[in-house]
Peer 1: 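Shown below is the structure under consideration.
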Amino acid sequence: MLGTGKLNIILGGAPGSGKGTLSDLIVKKYGLQHLSTGDVLRAEIASGSELGREINDIISLGNLVPDAQMIKLLENYLNGVPADCRGVIFDGFPRTVEQARALTIMLASRQMDAYMLDLFAEEDVIMTRLIRRGQTSGRADDNYETIKKRLKIYNDTTKPISDYYVKLHKYFMINSNINPECTFAQIDVILSQLYK
Ligand code: ATP
Ligand code: MG
């Protein structure tokens, strides 16, 4: 189980803002463990379970999986993180203020907290990236109508968590419009200070 002295990163940002790509780059340099809730949910779908079928109905419409289910998933994940782990990148969680509050409590009970790095990209950039990804990803939610819906849910429901971390003094804004290298360079400056 995770203990004191870990440094955890929440990668925020809209769908297509680059969370998965940047997670890989951060893992390479800082050796953190990467949790992508989207990947975990897609693995459940691929397993063909009844739960996977329910999740597929939600995700393919671009909707969010209920908070209670996601919080339980996180609790299980945190219980399985090895003791020598330097920290975790949370990619895709929290997505609601309720999830953010629950994460604070789950981390505090393990003597930990987390910093949010919020990736910003303009809507036209995001749309181009996700439509292109849809041509090869096979993801049911990477099509124009569903992307529009996911962006609306992001703006209405997920964006307010930025303010939650601003108020905790644990918030960094990152420009993710240009390319992965430029985005990583900004993150590297921050992490090299936090991981001193
Ligand atoms: P990105 O393109 O940056 O990877 P994304 O929004 O396209 O982000 P995922 O993070 O892979 O994609 O999530 C895919 C879907 O899984 C979401 O649209 C949502 O339905 C579901 N999901 C993932 N994480 C959560 C969460 N924390 N709460 C609720 N639903 C979630
Ligand atoms: Mg992703």
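Atoms within each ligand, like the ligands themselves, are counted from 1 in listed order. Below, all heavy atoms of this structure are taken into account, side chains as well, without hydrogens, waters or symmetry copies. We count residues from 1, following the sequence as given.
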Peer 1: Judged on heavy-atom distance to atom 20 (O) of ligand 1, which of I58, N63, V65 sits nearest?
Peer 2: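 It is N63 whose heavy atom sits nearest to atom 20 (O) of ligand 1.
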Peer 1: Please check whether G16 reaches ligand 1 - meaning an N/O of the residue sits under 3.5 Å from an N/O of the ligand, judged on distance alone.
Peer 2: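 Such a contact does occur with ligand 1.
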Peer 1: Which of the listed options, K19, R95, R150, holds the heavy atom that is closest to atom 6 (O) of ligand 1?
Peer 2: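 Checking each option, the heavy atom nearest atom 6 (O) of ligand 1 is found in R95.
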Peer 1: Side-chain contact, heavy-atom cut-off 4.5 Å: Y30 with S192?
Peer 2: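 Y30 reaches S192 side chain to side chain.
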Peer 1: If you measure only the distance, is there a donor-acceptor pair under 3.5 Å linking the side chains of Y171 and D163?
Peer 2: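 Their side chains do not contain a donor-acceptor pair, so the 3.5 Å distance test is not met.
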Peer 1: Taking atom types as modelled and ignoring hydrogens, do the side chains of T104 and Y164 form a donor-acceptor contact shorter than 3.5 angstrom?
Peer 2: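 A donor-acceptor contact under 3.5 Å links the two side chains.
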Peer 1: If we only consider heavy atoms of R139, is any one of them less than 4.0 Å away from an atom in ligand 1?
Peer 2: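 Right, R139 reaches ligand 1.
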Peer 1: Would you check the N or O atoms of R42, main chain and side chain alike, for any that come under 3.5 Å of an N or O of ligand 1?
Peer 2: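 N/O-N/O distance below 3.5 Å exists for this pair.
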Peer 1: Any idea how Y115 and F172 line up, ring-wise: parallel (<30°), tilted (30 to 60°), or perpendicular (>60°)?
Peer 2: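 Tilted: the ring planes of Y115 and F172 meet at 30° to 60°.
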Peer 1: Any atoms of ligand 1 less than 4.0 Å from a non-hydrogen atom of Q99? List them with their elements.
Peer 2: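 The list of qualifying atoms is 26 (C), 27 (N), 28 (N), 29 (C).
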Peer 1: Examine S36 against ligand 1 and note whether any of their N/O atoms are separated by less than 3.5 Å.
Peer 2: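 No.
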Peer 1: Starting from L103, can I reach V166 by hopping between I/L/V/M/F/W/Y residues whose side chains sit under 4.5 Å apart?
Peer 2: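 In one cluster: yes.
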Peer 1: When you compare the side chains of Q99 and D67, does any donor N or O come within less than 3.5 Å of an acceptor on the partner?
Peer 2: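 A pair is found: one side chain offers a donor N or O, the other an acceptor, under 3.5 Å apart.
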Peer 1: So, do Y77 and T37 sit near enough that their side-chain heavy atoms are less than 4.5 Å apart?
Peer 2: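 No - every pair of side-chain heavy atoms lies 4.5 Å or more apart.
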Peer 1: Specify the protein heavy atom at minimum distance from atom 16 (O) of ligand 1: its residue, its atom name, and the distance to 0.1 Å.
Peer 2: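 Among all protein heavy atoms, the one nearest atom 16 (O) of ligand 1 is I59 CD1, 3.4 Å.
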Peer 1: Do any nitrogen or oxygen atoms of D39 lie less than 3.5 angstrom from nitrogen or oxygen atoms of ligand 1?
Peer 2: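 No; the residue has no nitrogen or oxygen that sits under 3.5 Å from a nitrogen or oxygen of the ligand.
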Peer 1: Considering the heavy atoms of T37, write down every atom of ligand 1 situated less than 4.0 Å from one of them.
Peer 2: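 Here the atoms of ligand 1 in question are 23 (C), 24 (N), 25 (C).
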Peer 1: To which protein heavy atom is atom 4 (O) of ligand 1 closest, and what is the distance rounded to 0.1 Å?
Peer 2: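 Of the protein heavy atoms, R133 NH1, 3.9 Å lies nearest.
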Peer 1: Below 4.0 Å from ligand 1: does a non-hydrogen atom of L41 turn up there or not?
Peer 2: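 Flag set, L41 near ligand 1.
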Peer 1: Classify the side-chain pair S60/D141 by whether it contains a donor and acceptor separated by less than 3.5 Å.
Peer 2: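 No pair is found: no donor N or O on one side chain lies under 3.5 Å from an acceptor on the other.
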Peer 1: If we count only N and O atoms by modelled type, under 3.5 Å, do the side chains of N79 and R110 hold a donor and an acceptor together?
Peer 2: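 Indeed, the side chains of N79 and R110 share at least one donor-acceptor pair under 3.5 Å.
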Peer 1: Are any of the N/O atoms in G92 less than 3.5 Å from those in ligand 1?
Peer 2: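 Yes - when backbone and side-chain N and O of G92 are compared with those of ligand 1, one distance drops under 3.5 Å.
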